[in-house]
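Report on one structure; see the data block that follows.
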Amino acid sequence: MTAKNELTVAVLGPGGIGGLLAALLSRSGHRVICLAGDETAATLRKSGIHVRSGHFGDFRVQVEADTELREPVDACLIAVKATALDEALTRVPPATLGDALLVPFLNGVEHPRTLRARYRPDRVAPAVIRAESTRVAPGEIEHGTPFAEIDLAGDTVPRDRLDALARALDEAGPTTRVLPEETAALWAKMSLLAPFALLTTRHALPIGDVRTRHREELRSLVEETAAVSRACGAPVDPAGILARHDSFPPTTKSSMQRDAEAGRPLELDAIGGALLRAAERHGVPVPVATRVVGELRAAGH
C-alpha cells in the first residue's frame, strides 16, 4: 500500500460485478489490473470500462488489463461464475499472488475451501455483494440497482487487512462492512439466493410470478434452506427471507434463470448441489430442494 493508502487491486473476471468494482476502484484512485481472456483484455486496455448506473453515474475509466497476474498486488477480487472458477484461477499463479488478499465474490458456500487449498488459507476473504450489474459487452457495464452493498469476511485473515480493503471499497462507492464470521455471511446470502435462483429457473418465471403462483413451494424452500443454514451455525429468519423475496420488483429474474435462457452453464451445483450436500452432512431433510434440484438436473442443467 502506498503512503496515500492507494491499493493495487487485481480483478479476475471483469464482468457485471467485477467490471463495476474495477471501475469504481479506479475512479477512486486505486490501481486496477483486470485479468481476462485475450480479446477482453485488449478491449479494456484500449477503451477502459464504461459504467452506466443510476446510482454511481455514467462514467468511463482506464484500467490495466492482462491475461495473467504477473506482479504482486494488495488484493485480488474473484468475480467469475462458479462454473468458470477452475479455468479462471490459472490466471492467478499462487506464487505471484503471495501475501495478497484473495476475495471471492462467488455464489455458494463451498468455494472458500477450494481456494484455501490452492492459496494462502489465511488470506482468503470471502465476500458477498448485493447488486444487479450486467456486462452487456466487454468493458460495458450496466448497474441496475439503486444500491451496491458488500459484506467482507475471513475468519483467519488479519483484521487490519480486511479493514483497509473495506475502507477502499466503501470510499469507492459500495457500502461495505466487515463481518465477524464468514459462515454467517455466506449462508445469509445462500438462504436468500437458493430459493430465488432455483425456483425462478425451474419455473422459467420472474420472482413476482413465483411468489404468487408457487408461494407454498417458495415458503417450503425458504424454510428448508434456513434449517440447513441453522445446522451450519448460521441462524437466519425464514420470515425475513420470505419478506425480502416479496420486496423484489416483480419482474426480477435470477442470474441462474438468465443463464438458462441464454443457454449458458448454470451454477446449479454451486447453489443447489451445495445446499443438498450441507443438508446431508447435518441430517436435515430437504424434500422440496431435493425435488427441485433433481428436476433441474433432469432437464439437462
Side-chain angles (χ1 to χ4, degrees), residues 1-53 56-81 84-106 115 118-120 123-125 127 129 131 133-143 148 150 152 161-162 164-174 176:
M1 199 181 304
T2 69
K4 294 182 179 180
N5 293 327
E6 293 172 357
L7 302 180
T8 298
V9 180
V11 177
L12 178 63
I17 294 298
L20 176 66
L21 295 178
L24 290 171
L25 285 167
S26 178
R27 183 172 71 167
S28 188
H30 301 284
R31 182 186 174 208
V32 176
I33 306 169
C34 292
L35 304 175
D38 288 318
E39 184 178 341
T40 296
T43 299
L44 295 183
R45 281 194 294 268
K46 178 181 178 182
S47 305
I49 298 177
H50 178 205
V51 171
R52 288 186 293 275
S53 168
F56 296 121
D58 187 322
F59 65 97
R60 183 183 297 274
V61 293
Q62 291 301 309
V63 294
E64 298 176 44
D66 206 336
T67 57
E68 181 179 314
L69 184 65
R70 305 180 194 278
E71 61 181 279
V73 293
D74 294 298
C76 177
L77 313 184
I78 302 180
V80 298
K81 290 287 184 77
L85 180 62
D86 288 343
E87 181 180 358
L89 290 179
T90 62
R91 304 190 189 282
V92 185
T96 308
L97 186 69
D99 185 58
L101 292 187
L102 191 68
V103 186
F105 289 87
L106 274 78
L115 295 170
R118 184 179 182 119
Y119 302 98
R120 275 192 61 165
R123 293 296 183 268
V124 175
I129 184 167
S133 187
T134 304
R135 187 192 91 149
V136 295
E140 295 288 332
I141 308 298
E142 292 184 354
H143 169 233
I150 294 173
L152 191 60
R161 298 286 299 276
L162 289 176
L165 179 60
R167 187 164 51 250
L169 288 166
D170 192 75
E171 290 172 354
T176 304

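These numbers come from a predicted model, not from an experiment.
- Looking only at distances, a side-chain donor or acceptor of T176 sits under 3.5 Å from a matching main-chain atom of P174.
- A distance of 8.0 Å separates CG of D74 from CG of L101, quoted to the nearest 0.5 Å.
- In this structure the side chain of L85 reaches within 4.5 angstrom of the side chain of I78, judged on heavy atoms.
- Here the shortest heavy-atom pairing between H50 and F59 reads CD2-O, 3.3 Å.
- Considering only heavy atoms from C-beta on, L89 comes within 4.5 Å of L115 through its side chain.
- Between the side chain of S133 and the backbone N or O of G16, at least one donor-acceptor pair lies under 3.5 Å.
- Two residues are said to be in side-chain contact when any heavy atoms from C-beta on lie closer than 4.5 Å; P14 and L44 meet this criterion.
- Inter-residue side-chain proximity for E68 and V92 is flagged as unmet; no heavy-atom pair is nearer than 4.5 Å.
- In this structure the side chain of L7 never reaches within 4.5 angstrom of the side chain of L25, judged on heavy atoms.
- The only option from V73, V63, L77 that meets the side-chain contact (heavy atoms from CB on, under 4.5 Å) definition with V32 turns out to be V63.
- Listed by chain and number, the residues in a side chain to side chain contact (heavy atoms under 4.5 Å, CB included) with T134 are V136 (sequence neighbours excluded).
- Pairs of residues two or more places apart, or lying in two chains, that qualify as salt bridge (Lys or Arg N to Asp or Glu O under 4.0 Å) and include a residue from residues 94-104 are D99-R120, D99-R123, D99-R161.
- Every pair passing side chain to side chain donor-acceptor pair (under 3.5 Å) that includes a residue from residues 25-35 is listed here, sequence neighbours excluded: R31-E64, R31-E71.
- Side chain of T90 to main chain of E87: a donor-acceptor pair is present (N/O by atom type, distance under 3.5 Å, no hydrogens or angles).
- Counting all heavy atoms, side chain and backbone alike, V11 lies closest to G18 at CG1-O, 3.5 Å.
- Once rounded to the nearest 0.5 Å, the distance linking CG of L97 with CZ of R91 reads 15.5 Å.
- At a threshold of 4.5 Å between non-hydrogen side-chain atoms, the residues C34 and T40 do not count as touching.
- A 6.0 Å sphere centred on CG of D38 holds no more than 12 heavy atoms belonging to other residues, nucleotides or ligands.
- Taking the side chain as every heavy atom from C-beta outward, L35 and T67 never approach each other to under 4.5 Å.
- A125 is linked by a side chain to side chain contact (heavy atoms under 4.5 Å, CB included) to V103, L152, V157, L162, counting only residues two or more places apart in sequence or in another chain.
- Looking at R60, its side chain does come within 3.5 Å of a backbone N or O of S47 through a donor-acceptor pair.
- Between L169 and L24, the closest side-chain pair of non-hydrogen atoms is not below 4.5 Å.
- Taking both residues in full, the closest heavy atoms of L69 and A10 are given as CD1-CB, 4.1 Å, listed atom of the first, atom of the second, then distance.
- Every salt bridge (charged side-chain N to carboxylate O under 4.0 Å, His left out) that R52 has, sequence neighbours left out, goes to E140, E142.
- Residues satisfying the side chain to side chain contact (heavy atoms under 4.5 Å, CB included) test with P94, not counting sequence neighbours, are R118, Y119.
- If you take CG on L106 and CD1 on I129, they are separated by 12.5 Å, rounding to the nearest 0.5 Å.
- Taking CG of L20 as the start and OG of S53 as the end, the distance is 7.0 Å to the nearest 0.5 Å.
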